[in-house]
Amino acid sequence: MAFTEEKLARLRARYADDPGGRMYDPVYAKVAAKVFSRGARPAPFVGVPTFLTAPFRQVDPTAPDFSGLDVAITGVPMDLGVGNRSGARFGPRAIRTIERVGPYNHVLKCAPIYDLAVADVGDVPFSGRYGLHQSHAEIEAWISAMVAQGVIPLSVGGDHSMTHPILKAVGRARPVGLVHIDAHSDTGGPFDGERFNHGAPFRNAVLDGVLDPERVIQIGLRGASGYLYEFAEESGMTMLNAEEVAEIGPRAVVERARDVIGDGPTYVSFDIDSLDPAFAPGTGTPEIGGLTTREVQAILRGLNGINIVGGDVVEVAPQYDATTNTAHAGAQMLFEILSLVVASPAVRKAR
């Protein structure tokens, strides 16, 4: 169809004097009304950075109050559990500084920062920087306060050992299921005498009775550590290697994941090393042959509607990536997980 003078006139009549933010499509107009309700959108490079530009909420660590929130996003700057390259303690700060993620999820048709009561509540208030067990206890206490107040925790690490104390808080009332996207199963045993290392959080969570292994799916596994996954197999976890993900595609992965987790409460844990180092070199244990950012986005978006009760993004170590691509990928996946909360039965029930 030719572009006529008549069509140009119609477009000019509708858009030529648009001051910005005026939308006619009802879906776009609904989003724009929220985004522009606070005035013009500020430039992405100004202001004090927060996770996904969420409002910042100062919380007293001696009496943490998360009331009124659907979701609390917190940083966990701790990497005392790593077995290879350290540096994930800088992950939360790096992800906060990413300036171009959201606010609109064009696939799930939501703007989670505006559709939910969300705040960046700062970092876990660690009392010291040298004690792994002490740090885990403080993570558990911080997340437990959120759960007790009916708030869904999204956490940004930090090494993957942090997910064990989080699951102890989230799964205390009943064991939860898990969608775990990672290059490694993280179900190993003690390493150099330390049981609570970042290669063992899900084994520890199962043994603590807070994670249901038969409702666990692990996606993107690869590398030379497969001989350490006996516990995952024996306990009943479902494991999909990266090669299988490439063969069957994201849609089939989503179908498998939904079959495994069902409609029960489910936690989502995303390790940045699930991505191929071509996309995310800034991590402690990179493994080639990994997932693409597009594959992970498709998998996460395909989980829309699951009963998500918490989630995390871990193992971003920004100093190994001068491009900031790793932190950018981590921020985007945090946004995708937050977007899942919009349709979660857990939020609808709380409201």
Side-chain angles (χ1 to χ4, degrees), residues 15-23 27-61 65-66 68-77 87-125 151 153-158 270 272 279-282 293 297 311-314 316-339 341-342:
Y15 295 109
D17 65 345
D18 180 9
R22 181 191 298 164
M23 306 291 175
V27 174
Y28 297 149
K30 183 179 179 181
V31 176
K34 297 173 182 177
V35 173
F36 288 91
S37 65
R38 303 172 185 172
R41 288 185 64 196
F45 47 82
V46 303
V48 177
T50 62
F51 291 124
L52 306 179
T53 69
F56 177 70
R57 178 161 170 174
Q58 185 73 46
V59 177
D60 180 357
D65 178 10
F66 303 103
L69 296 178
D70 296 317
V71 180
I73 311 180
T74 190
V76 189
R89 66 183 63 187
F90 297 103
R93 179 170 291 184
I95 288 176
R96 279 190 175 101
T97 61
I98 297 301
E99 72 278 3
R100 287 286 296 163
V101 175
Y104 182 56
N105 190 314
H106 70 284
V107 173
L108 301 186
K109 308 298 184 186
C110 65
I113 291 295
Y114 300 93
D115 294 334
L116 300 164
V118 185
D120 180 337
V121 297
D123 294 338
V124 174
V151 177
L154 292 189
S155 306
V156 181
F270 172 77
I272 200 73
F279 298 92
T293 51
Q297 282 184 292
D312 61 47
V313 172
V314 300
V316 172
Q319 63 272 42
Y320 304 116
D321 180 7
T323 70
T324 74
N325 285 349
T326 305
H328 195 168
Q332 183 65 49
M333 300 315 169
L334 179 66
F335 176 73
E336 302 294 348
I337 295 171
L338 177 61
S339 296
V341 179
V342 175

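Computed from a predicted structure; not experimentally measured. FYI, side chains are in, hydrogens and waters are out, and symmetry mates aren't considered; it's all heavy atoms of this structure. The chain is numbered in sequence order, starting from 1.
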Which residues pass the salt bridge (Lys or Arg N to Asp or Glu O under 4.0 Å) test with R93, not counting sequence neighbours? none
Nearest non-hydrogen partners of [X] and [Y], listed with the distance:
X	Y	result
V35	P103	CG2-CG, 4.0 Å
P318	G91	CD-N, 4.0 Å
S339	P112	OG-CG, 3.6 Å
P77	R89	CB-O, 3.3 Å
N325	D321	N-OD2, 3.2 Å
C110	V342	SG-CG2, 4.1 Å

Take V156 and L334 through the test side chain to side chain contact (heavy atoms under 4.5 Å, CB included) and record every step on the way to the result. CA-CA 8 Å; V156 181; L334 179 66; 3.8 Å; yes
Quick check: do [X] and [Y] have side-chain heavy atoms less than 4.5 Å from each other?
X	Y	value
M333	T293	yes
V121	L69	yes
R22	D17	yes

Would you mind checking if R96 and D123 are paired as a salt bridge, meaning a charged N to carboxylate O distance below 4.0 Å? yes
K30/D115 salt bridge by N-O under 4.0 Å criterion: no
Would you check, one step at a time, whether the test side chain to side chain contact (heavy atoms under 4.5 Å, CB included) holds for V31 with K109? CA-CA 9 Å; V31 176; K109 308 298 184 186; over 6 Å; no
Listed partners of F45 passing ring pair (Phe, Tyr, Trp, His ring centres under 6.0 Å), at least two apart: none
Looking just at side-chain N and O atoms, do D120 and T50 make a donor-acceptor pair shorter than 3.5 Å? no
Output the distance between atom [atom1] ([X]) and atom [atom2] ([Y]), rounded to the nearest 0.5 Å.
X	Y	atom1	atom2	value
Y104	Y114	OH	OH	14.0 Å
T326	I95	OG1	CD1	9.5 Å
I337	I73	CD1	CD1	10.5 Å
N105	Q332	CG	CD	8.0 Å
F51	F56	CZ	CZ	10.5 Å

Donor-acceptor pair, D70 side chain versus A117 backbone, under 3.5 Å? yes
Go through it in stages, so that I can follow the logic: the residues are D65 and R57, the test is side chain to side chain contact (heavy atoms under 4.5 Å, CB included), and I'd like the CA-CA distance, side-chain angles, deciding distance and then a yes or no. CA-CA 10 Å; D65 178 10; R57 178 161 170 174; 3.8 Å; yes
Could you walk me through whether L338 and L116 pass side chain to side chain contact (heavy atoms under 4.5 Å, CB included), step by step? CA-CA 9 Å; L338 177 61; L116 300 164; 4.0 Å; yes
